[in-house]
Chemist: 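This is the structure I have questions about; it appears just below.
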Amino acid sequence: MSDYDPQALEARWRERWAEEGRYEADPAEAADAADDPTFITVPYPYPSGGMHIGHARTYTVPDVYARYRRQQGDNVLFPIAWHVTGTPIIGAVERLKTGEADQLSVLRDTYNVAEDTLKDLETPMGYARHFIENHYKKGMHDLGLSIDWRREFTTNDDRYSKFITWQYETLKERGLLEKGLHPVKYCTNEQQPVTTHDLLEGEEAEFQEYTLIRFGHGDTVVPMATLRPETVRGVTNAYIDPDASYVIADVDGEEWFVSAPAVEKLQLQGREVTPKRTVTGEHLVGQRVENPVTGDEVLVLPAAFVDAENATGVVMSVPAHSPDDYLALQEATADHDRLSAYGIDPDEVDAIDPVPILSVEGYGEIPAKTAVEDAEIESSTDPALEAVTRELYNTEFHTGRLNDEYGEHAGEVVEDVRGRFRDAHRESGAFDTMREFSEAVVCRCGGDVVVSEQDTWFLRYNDEAWTAKAHDAVSRMEAIPENTRGEYDHTIDWLNEWPCIRNYGLGTRLPWDDEFVIEPLSDSTIYMAYYTIAHRLDEIPVEDLDRDFFDALFYGESAVEDPDERALQLRKEWQYWYPVTYRFSANDLISNHLTFYLLHHAELFDPDEWPAGIVIMGMGLLEGEKMSSSKGHVVLPDTAIEEYGADTVRFFLLNSAEPWQDYDWRTEQVDSVRTQLERFWTRATDIIDDPGPEDRPALSTADRWLLSRLQRTVADVTEALDGSETRTASQAAFYDFEEDLRWYRRRADRSRPAARWTLRAVLETRLRLLAPFVPFLANELHERLTGTPAEDAPWPEVDDAVLDGGVEAAEAQVERLVDDIQGIQQSLRNADEDVPEADPDQIRVRVAAGWKHGVFDTVAEIGADQGAVMSQVMSDPDLRERGNAVNDLVSELIEFARARGGGELDTLAGLDEAAIYRDAADFLSDEFNATVVVEVEADGDSAVPFRPSIQLEAA
RNA sequence: GCGGGGGUGGCUGAGCCAGGCCAAAAGCGGCGGACUUAAGAUCCGCUCCCGUAGGGGUUCGUGGGUUCGAAUCCCAUCCCCCGCACCA
């Protein structure tokens with residue numbers, strides 16, 4: 001016997017696996033073409049930082065499945081690679097080089113990067129390499145992941161780029177790529193597009209599409225931005241900031257009047273803008289502008305609340321439907337002096353009445369007025385105004401119906417009509433469009449970030465033929481859990497065009513325009529195919545990897561004129577492994593990566609090569625809170641493995657929740673897993689040291705019971721693992737069976753040869769069941785026990801000859817009896833006074849009389865049908881004589897039968913109840929430290945079949 | 001707003017799809033006991049309320065309903081979490 005020393009034993013196995021190349025998988029020789037290839041993938045990690053315990057689970061769940069299939073006899077490929085595409089790594093390097101404190105702290109404190117190593121991290125690939133080698137690869141090795149390491153690559157490798165080049169040239173040729181304008185975040189200081197990572201403020205900002213209502217002032221267009229274009233008929237006036245700076249400019253050949261900041265925005269949104277002259281807002285105050293829809297002339301009033309930084313800096317006022325406008329108008333009216341100072345006739349302003357343009361239930365004629373008055377808001381600076389406004393906007397959007405003056409649109413609900421109304425007026429030239437963020441956005445450099453429209457290449461994910469194929473792919477694959485299937489379909493329908501390029505970043509250049517880089521979610525859609533050939537591609541010069549090469553590889557020899565022999569060789573490897581059996585991935589990736597994965601496979605490959613299954617994974621928490629490397633709230637696999645050992649880490653990660661459920665790393669719980677594994681180890685080594693006889697001796701009831709329970713465990717674990725239910729499976733193999741063992745230890749004398757034999761058989765099977773979860777421990781013990789590691793032994797199968805329902809039912813009766821006796825004891829102990837029977841000297845167990853068992857047999861035969869049972873029973877004259885007693889018994893038994901299946905009743909009917917208790921008498925006697933007397937009741941006693949009467953007797 | 005998931009005993013968390021062996025698994029925590037010089041580990045019992053005999057009562061977010069019977073099915077309602085795009 002030796003102590004459990006996970007670090008030492010795990011190190012031995014790691015070394016052994018590496019030396020043997022244990023998990024390197026190759027297509028089987030032609031001779032065993034019948035074998036079963038299983039191809040498992042997981043999203044390749046993005047090494048912009050280190051690996052934490054959350055990542056560990058992402059890769060361990062597929063490892064368990066891979067190990068399981070291997071024991072089932074499959075040829076299993078589980079590869080890994082590294083995703084470096086895009087800007088995060090570059091951004092991280094930039095922040096390191098500029099000495100940003102947060103970044104340095106993450107590197108030094110969270111990821112323990114040594115001071116003299118920091119300089120190696122100053123190039124993007126140097127940075128990536130560090131985290132790949134020292135964190136991810138090390139962590140994966142330490143965890144014992146059964147990865148084929150020959151196939152690793154990065155997405156910045158030349159050969160990978162050739163592969164992506166092939167993919168994008170092919171898609172372009174098929175018309176699935178399209179060029180167009182697209183809004184991006186653009187830093188006005190750095191004069192380039194920026195990503196969310198580059199932002200100081202406004203990470204949550206959304207793109208908003210404003211409609212510009214083209215009010216006219218003479219020949220000048222005064223565009224006013226709104227999110228509610230349908231309110232145009234309710235405009236009573238306009239507002240402008242009299243003190244802000246505005247520009248009269250030539251815009252696409254017209255004269256426009258807009259705020260100064262709007263000039264650059266309009267330019268960035270694809271307009272030709274030539275500023276002609278700068279004025280203050282006062283220039284327009286008191287003027288009239290013409291509503292392009294109604295032709296009405298409305299007055300422009302001064303207002304300090306107008307933000308010249310937002311949109312065009314001139315806004316229209318709809319006091320009937322906007323609480324803000326309503327209050328602003330009231331306040332303007334109240335301040336005659338101010339109006340007069342701007343040369344406006346106060347009477348004219350007083351005469352302005354709100355013009356309602358839609359009706360909405362519960363808000364009266366002038367909804368904004370009602371809303372403001374109901375909420376008792378009197379000032380435009382009241383903080384409660386925002387909520388009132390939001391509520392009114394919402395209600396009007398969903399239930400407001402347009403008034404008659406809207407002609408063809410009259411009577412329609414805003415929600416349904418807004419888009420059509422806007423488009424119609426855009427068509428006619430009354431409206432225009434401008435984009436703006438929902439909040440201020442500031443770059444890390446301090447510059448303002450605005451919306452810019454840039455020439456971009458799109459993937460046409462809304463192409464009808466394409467989406468149809470993708471839906472087909474969804475319907476053919478296995479979605480685990482099944483309730484995620486709808487999400488894929490939903491995402492496919494919801495996706496629009498996807499801009500697939502960026503201005504900078506690591507990765508593959510767009511083949512026909514090398515200014516651009518293919519972005520990360522677009523260069524990671526079919527790389528699983530690359531795994532199948534990655535290690536062999538290295539033999540081929542990069543320049544040979546052209547279009548024809550990959551066409552031959554993926555589409556066969558007839559696809560190209562003069563197929564490359566090497567490509568055709570690789571094609572065999574690809575065809576051997578494909579399709580991907582299961583892809584394990586996080587649930588938040590359904591809405592992009594996983595659906596892209598389906599779309600690209602559906603387009604580029606035949607249905608036979610489409611993804612066979614996707615397993616969704618939940619998120620990880622740490623002590624109930626989200627992990628965050630920037631806050632240092634992470635556990636690194638390194639640290640955890642050092643403290644607990646890899647098997648404990650794995651077992652915790654797999655056992656605490658099913659893969660698709662969120663899980664929570666709690667030190668307390670991990671500690672307890674470690675304790676449990678230690679106990680398992682101790683018991684196992686005890687059996688290994690004293691394994692009992694080679695040949696099967698005569699077994700006791702308890703032995704046969706345990707072996708029967710083992711068969712059920714095998715069935716449960718196998719079924720659970722087939723569905724990737726790692727929690728259910730490990731729970732059954734480990735904890736649930738521990739319960740059975742606990743009973744067995746109470747019940748059986750373990751020094752008997754038959755017990756040693758039984759325990760040994762049980763241990764061997766359990767080690768095989770546990771090997772996918774705790775490979776180090778299970779392989780070690782299995783090898784000590786049998787001479788072979790568990791992973792080289794076949795997966796256990798249920799042995800029907802060992803399944804014994806009768807023994808299990810009998811044993812359940814004994815357990816039930818123990819429970820009942822304890823129940824009575826408990827009840828007696830509750831008494832205020834001492835009751836001597838609570839600690840009995842003798843326990844009398846009376847089994848139901850023979851005729852009662854006869855009735856039970858009838859119930860078992862007929863089922864829970866009181867009438868049918870009664871008429872059958874009453875046909876027996878002896879029973880008829882007993883009258884009421886029979887009636888009562890049948891009622892009781894019917895209730896008993898209702899809760900049980902027919903099979904169980906039959907099994908019970910076949911048992912000799914008294915014999916069961918007599919066999920267990922010695923055991924019961926030991927348990928309760930009392931004499932146990934088993935007898936059949938005298939007539940008239942209260943026992944019921946399988947519910948003996950019990951009497952505790954003190955001396 | 002759109003889409004998805006969820007509310008179970010001190011905590012974590014099964015059960016719900018296929019209603020009844022469900023006062024509700026397992027783990028953790030707590031209490032008592034055995035073992036031990038002691039601690040730890042291990043083992044046994046208890047851990048919603050009441051009860052001197054294996055029983056009874058009230059529970060599974062809330063309110064209704066279906067049913068002989070509901071944690072499980074249906075309806076309504078409240079609350080919580082996650083994703084929503086050019087970000088990997």
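Every chain is numbered from 1 and lettered A, B, ... according to where its sequence line falls, protein lines coming before strand lines.
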Chemist: Could you measure between the two C1' atoms, the one in G65(B) and the one in G69(B), and give it in whole Å?
Modeler: 15 Å
Chemist: Measuring only the P atom in each nucleotide, how far is G27(B) from G45(B)? A whole number of Å is fine.
Modeler: 12 Å
Chemist: In this structure, how many angstroms lie between the P atom of A85(B) and the CZ atom of R460(A), rounded?
Modeler: 23 Å
Chemist: Working note: Y644(A) + F652(A), criterion ring-ring contact (aromatic ring centres under 6.0 Å, His included); need CA distance, chi angles, decisive distance, verdict.
Modeler: CA-CA 10 Å; Y644(A) 299 105; F652(A) 175 82; 9.0 Å; no
Chemist: Is the ring pair W498(A)/F596(A) parallel, tilted or perpendicular, if the boundaries are 30 and 60 degrees?
Modeler: perpendicular
Chemist: Would you call E396(A) and R228(A) a salt bridge, using N to O less than 4.0 angstrom?
Modeler: yes
Chemist: A quick test of your reading: do over 12 heavy atoms of other residues, nucleotides or ligands sit less than 6.0 Å from CD of E892(A)?
Modeler: no
Chemist: Can you name the residues that form a side-chain hydrogen bond (donor to acceptor under 3.5 Å, both in side chains) with T85(A), not counting sequence neighbours?
Modeler: T155(A), D523(A)
Chemist: Pick the C1' atom in G9(B) and in C46(B), then give their distance to the nearest Å.
Modeler: 15 Å
Chemist: Classify the ring geometry between F131(A) and H135(A) as parallel (under 30°), tilted (30 to 60°) or perpendicular (over 60°).
Modeler: tilted
Chemist: When the nearest nucleotide of RNA chain B is assigned to G823(A) and to D588(A) on a heavy-atom basis, which residue is associated with the more 5' position?
Modeler: G823(A)
Chemist: For G1(B) versus U8(B), give the span between their P atoms, rounded off to a whole number of Å.
Modeler: 24 Å
Chemist: I want to know whether F680(A) and Y4(A) have ring centres closer than 6.0 Å.
Modeler: no
Chemist: Output the rounded distance in Å from CG (D740(A)) to P (A26(B)).
Modeler: 11 Å
Chemist: Taking the P atom in each of C73(B) and G7(B), what is the distance between them to the nearest angstrom?
Modeler: 12 Å
Chemist: Might you point out which heavy atoms bring L908(A) and Q813(A) nearest each other, and give the distance in Å?
Modeler: CD2-OE1, 4.3 Å
Chemist: Could a donor-acceptor pair under 3.5 angstrom be found where the side chain of D820(A) meets the base of G54(B)?
Modeler: yes
Chemist: Could you give the CG-to-C1' distance, from L594(A) to A88(B), as a whole number of Å?
Modeler: 13 Å
Chemist: How does protein reach along nucleotides 13-24 of chain B, written 5' to 3' as B (base within reach of a heavy atom under 4.0 Å), S (only sugar-phosphate), or - (no contact)?
Modeler: SS-----BB---
Chemist: Between U42(B) and G57(B), how far apart are the two P atoms, rounded to whole Å?
Modeler: 39 Å
Chemist: Identify which nucleotide among A88(B), C87(B), U52(B) has an atom closest to any side-chain atom of V835(A), counting heavy atoms from C-beta outward.
Modeler: U52(B)
Chemist: Using a cut-off of 4.0 Å between protein heavy atoms and nucleotide atoms, how would you tag nucleotides 41-47 of chain B 5' to 3' with B, S and -?
Modeler: -SSSSS-
Chemist: What is the separation between atom CZ on F596(A) and atom P on A88(B), rounded to the nearest whole Å?
Modeler: 11 Å
Chemist: So if I take every side-chain heavy atom of H83(A) and compare against A25(B), U52(B), A88(B), which nucleotide ends up nearest?
Modeler: A88(B)
Chemist: Just call it for S591(A): base, sugar-phosphate, or nothing, with non-hydrogen atoms closer than 4.0 Å on any strand.
Modeler: sugar-phosphate
Chemist: Is the distance between the ring centroids of Y46(A) and H55(A) less than 6.0 Å?
Modeler: no
Chemist: Looking at every non-hydrogen atom in both residues, tell me the closest pair between V84(A) and N156(A) and how far apart they are.
Modeler: CG2-CB, 3.5 Å
Chemist: If you look at every heavy atom in T595(A) and L495(A), which pair is closest and at what distance?
Modeler: CG2-CD1, 3.9 Å
Chemist: Going by side-chain hydrogen bond (donor to acceptor under 3.5 Å, both in side chains), name the residues that satisfy it together with E815(A), two or more places apart in sequence or in a different chain.
Modeler: none
Chemist: Take K179(A) and E497(A) through the salt bridge (Lys or Arg N to Asp or Glu O under 4.0 Å) test and state the conclusion after the steps.
Modeler: CA-CA 10 Å; K179(A) 201 175 181 176; E497(A) 292 138 340; over 6 Å; no
Chemist: Rounded to whole angstrom, note down the P distance from U66(B) over to C16(B).
Modeler: 25 Å
Chemist: For residues P43(A) and Y59(A), report the shortest heavy-atom separation together with the two atoms involved.
Modeler: O-CE2, 3.7 Å
Chemist: Nearest nucleotide by nearest heavy atom, which residue falls closer to the 5' end of RNA chain B, L817(A) or R666(A)?
Modeler: R666(A)
Chemist: What is the distance, to the nearest angstrom, from the CG atom on D736(A) to the P atom on A25(B)?
Modeler: 13 Å
Chemist: Whenever both distances are under 3.5 Å in a Watson-Crick or G-U wobble pair, mark it; put RNA chain B into dot-bracket that way, with [ ] for crossing pairs and | when the partner is on another strand.
Modeler: ((((((((.[[[..)....(.....]]]((((((.......))))))(((....)))...[[[[[..)....]]]]])))))))....
Chemist: Distance between the C1' atoms of C74(B) and U67(B), in whole angstroms?
Modeler: 12 Å
Chemist: Can you identify which nucleotide, out of A53(B), G54(B), A26(B), has its nearest atom closest to the R947(A) side chain?
Modeler: G54(B)
Chemist: Tell me the interatomic distance from E837(A), atom CD, to A53(B), atom C1', rounded to whole angstroms.
Modeler: 10 Å
Chemist: Among the candidates A88(B), A26(B), G54(B), find the nucleotide nearest to the side-chain atoms of E519(A).
Modeler: A88(B)
Chemist: Would you please indicate if the ring centroids of W494(A) and Y488(A) are separated by under 6.0 Å?
Modeler: no
Chemist: Output one letter per nucleotide in nucleotides 3-8 of chain B: B when a protein non-hydrogen atom lies under 4.0 Å from the base, S when only the sugar-phosphate is that close, - when neither is.
Modeler: SSS---
